[in-house]
Amino acid sequence: NYIILGKFVPFSTTAGIGFIRANNSFINPAHVNLSSYKDRKDLPGYGMEVDFPDNIDEVEWDRMLFKKGFDYVKAHPLWYLKMSAIRFLYIWHLYPRQNINESSRKRDYLIMAYLFPTLVFFFIGIILTLGYFSKNLILYGLILNFTIIQALLYAAGRYRYPAMPAVLIF
């Protein structure tokens with residue numbers, strides 16, 4: 001990123017749009033087709049007041065969106081906690097996504113149906129291995145790390161994939 005953009009980018013230049021999409025009540029992530037810098041002119045159409053300069057570069061645009069999302073979170077902490085809890089359920093497909101079309105909803109229910117038994121066995125495995133807690137600490141940490149970070153920032157079911165091998169071990 002530094003070679004192309006000339007600036008250090010800790011995540012990606014889509015982190016800001018992901019954070020603001022996931023953490024604002026005025027944007028419905030299921031209906032928003034905003035995913036990158038090239039979509040920046042579309043923000044007012046989604047109910048977001050934008051006062052960014054026209055000549056802003058991709059990195060600064062991303063940082064400003066992240067700041068705008070963080071300001072919204074600070075102003076609405078209870079709403080943010082509620083959304084974080086819902087995102088936790090979305091990550092593990094324990095709750096179907098809202099405001100989606102019928103075929104996506106059917107897919108969500110299908111994923112829930114096959115993932116549920118895996119999670120049941122995962123919890124049984126955790127209970128049965130509590131005596132080996134210190135030996136399994138790295139696995140617990142891996143699962144919690146992916147789950148908590150994504151629940152706090154932006155959730156999608158695919159973000160649980162790196163934690164699935166650890167879940168399957170149990």
Side-chain angles (χ1 to χ4, degrees), residues 1 8-36 39 46 62-63 65-170:
N1 283 335
F8 176 71
V9 179
F11 303 110
S12 74
T13 57
T14 60
I17 194 67
F19 187 71
I20 202 164
R21 283 176 60 192
N23 294 297
N24 284 276
S25 61
F26 55 81
I27 294 180
N28 179 350
H31 292 127
V32 176
N33 190 24
L34 296 174
S35 59
S36 70
D39 301 323
Y46 294 106
D62 184 65
R63 289 178 182 161
L65 283 177
F66 199 86
K67 182 185 179 321
K68 198 167 190 61
F70 192 70
D71 290 345
Y72 190 88
V73 166
K74 286 191 302 189
H76 304 89
L78 293 177
W79 186 86
Y80 173 70
L81 289 174
K82 174 186 168 194
M83 290 308 298
S84 293
I86 290 172
R87 283 191 295 269
F88 173 83
L89 297 174
Y90 286 168
I91 292 167
W92 294 102
H93 275 85
L94 299 173
Y95 185 74
R97 292 173 293 160
Q98 302 300 305
N99 303 316
I100 57 175
N101 63 39
E102 190 59 32
S103 74
S104 293
R105 185 169 308 288
K106 286 178 184 175
R107 187 183 70 224
D108 273 11
Y109 286 123
L110 181 65
I111 293 169
M112 289 168 64
Y114 88 78
L115 192 57
F116 183 76
T118 304
L119 294 177
V120 168
F121 284 115
F122 166 66
F123 288 115
I124 291 170
I126 286 197
I127 291 167
L128 293 175
T129 60
L130 281 177
Y132 303 100
F133 183 80
S134 61
K135 290 183 179 183
N136 294 328
L137 198 55
I138 195 158
L139 297 174
Y140 299 141
L142 178 75
I143 295 165
L144 286 173
N145 176 52
F146 281 103
T147 302
I148 291 170
I149 296 293
Q150 298 311 319
L152 294 176
L153 297 176
Y154 183 83
R158 64 190 169 109
Y159 293 162
R160 79 171 174 276
Y161 293 166
M164 285 305 291
V167 168
L168 293 174
I169 288 172
F170 288 99

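Position 1 is the first residue of the sequence, and the numbers go up from there. Scope of the values below: all heavy atoms of this structure, side chains included, with no hydrogens, waters or symmetry mates.
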For I138, I'd like to know if atom CD1 has over 12 heavy atoms of other residues, nucleotides or ligands within 6.0 Å. no

With a 6.0 Å cut-off (strictly less than), is the heavy-atom count around OH of Y132, excluding the residue itself, greater than 12? no

Of all heavy-atom pairs linking P162 and P165, the shortest is O-CD, 3.5 Å

Evaluate R107 against I111 for side-chain contact (heavy atoms from CB on, under 4.5 Å), listing each step before the verdict. CA-CA 6 Å; R107 187 183 70 224; I111 293 169; 4.1 Å; yes

According to the side-chain hydrogen bond (donor to acceptor under 3.5 Å, both in side chains) rule, which pairs have a member within residues 141-150, sequence neighbours left out? W92-T147

Does some side-chain heavy atom of L152 sit less than 4.5 Å from a side-chain heavy atom of Y80? yes

If I compare all heavy atoms of A166 with all of L139, which pair ends up nearest, and what's the gap? CB-CD2, 3.9 Å

According to side-chain hydrogen bond (donor to acceptor under 3.5 Å, both in side chains), who are the partners of K67, at least two apart in sequence or on a separate chain? D71

Partners meeting side chain to side chain contact (heavy atoms under 4.5 Å, CB included) with L115 (sequence neighbours left out): H93, T118, L119, R160, M164

Supply the atom-to-atom distance I169 CD1 to L142 CG, rounded to the nearest 0.5 angstrom. 9.0 Å

Relative to each other, are the rings of F170 and F122 parallel, tilted or perpendicular (30° and 60° limits)? perpendicular

For a side-chain contact (heavy atoms from CB on, under 4.5 Å) check, start with the C-alpha distance between M112 and Y109, then their side-chain angles and the critical distance, and finish with the verdict. CA-CA 5 Å; M112 289 168 64; Y109 286 123; 3.9 Å; yes

Does a side-chain heavy-atom distance below 4.5 Å link F146 with I91? no

Counting only heavy atoms not in Y140, do more than 12 sit closer than 6.0 Å to its OH atom? yes

